Q: 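Below are the C-alpha cells for one structure; questions will follow.
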Amino acid sequence: MYLQVDIYQCDSKHIHVVLRGRVQGEAVFGDFDAFASFIDACQQFINTHIFIPKAFLDAFNDEGNP
C-alpha cells in the first residue's frame, strides 16, 4: 500500500499532517499538545485493535530503554 505522510510546523506553531496515497486528507493542529493527543489516541487504537509482534516493536525501542 502506498502511503506518504508529511508533517510540518508553520511559523504560527500550527502542525500540519498531510496524507497521500490510498489515504488522503489533511489535519491541522493548533499546537503541539493537540498533535500529541492525536498521536496518543492513534497509538491507543493500534494497541487495542491490531496485533503487532513484540519482536517488531522491540526493534524500534531505544537502546537500553525497553
Side-chain angles (χ1 to χ4, degrees):
M1 174 175 84
Y2 169 74
L3 173 65
Q4 179 178 338
V5 179
D6 296 317
I7 302 173
Y8 57 95
Q9 187 171 18
C10 298
D11 290 337
S12 62
K13 303 298 182 199
H14 285 83
I15 297 171
H16 293 248
V17 177
V18 180
L19 305 172
R20 296 187 182 113
R22 290 187 66 189
V23 178
Q24 295 184 8
E26 180 176 339
V28 179
F29 300 90
D31 57 36
F32 184 81
D33 291 335
F35 176 68
S37 293
F38 171 75
I39 296 301
D40 184 51
C42 290
Q43 186 63 56
Q44 288 179 28
F45 179 84
I46 290 169
N47 290 344
T48 59
H49 289 86
I50 298 173
F51 173 74
I52 302 173
K54 185 173 179 347
F56 182 80
L57 293 174
D58 289 346
F60 292 97
N61 283 340
D62 293 335
E63 287 185 12
N65 188 16

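Quantities reported herein were computed from a predicted structural model and do not represent experimental measurements. The first residue of the sequence shown is numbered 1, and numbering continues consecutively from there.
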Q: Working to the nearest 0.5 angstrom, can you tell me the gap between D40 CG and N47 CG?
A: 9.0 Å
Q: State the CD-NE2 distance between Q44 and H49, to the nearest 0.5 angstrom.
A: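 Answer rounded to 0.5 Å: 11.0 Å.
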Q: What is the distance from atom CG of L3 to atom CG of L19, rounded to the nearest 0.5 Å?
A: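 Output value for this atom pair is 6.5 Å.
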Q: About how many Å separate CD1 of I39 and CD1 of I15, when rounded to the nearest 0.5 Å?
A: 9.0 Å
Q: Check whether V23 and F29 end up in the same hydrophobic cluster, where Ile, Leu, Val, Met, Phe, Trp and Tyr are linked by side-chain heavy atoms less than 4.5 Å apart.
A: yes
Q: State, to 0.1 Å, how close H14 and G30 come at their nearest heavy-atom pair, and which atoms those are.
A: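 Smallest interatomic distance, heavy atoms only, reads CD2-CA, 3.7 Å.
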Q: With a 4.5 Å limit on heavy-atom distance, are the side chains of F38 and V17 in contact?
A: no
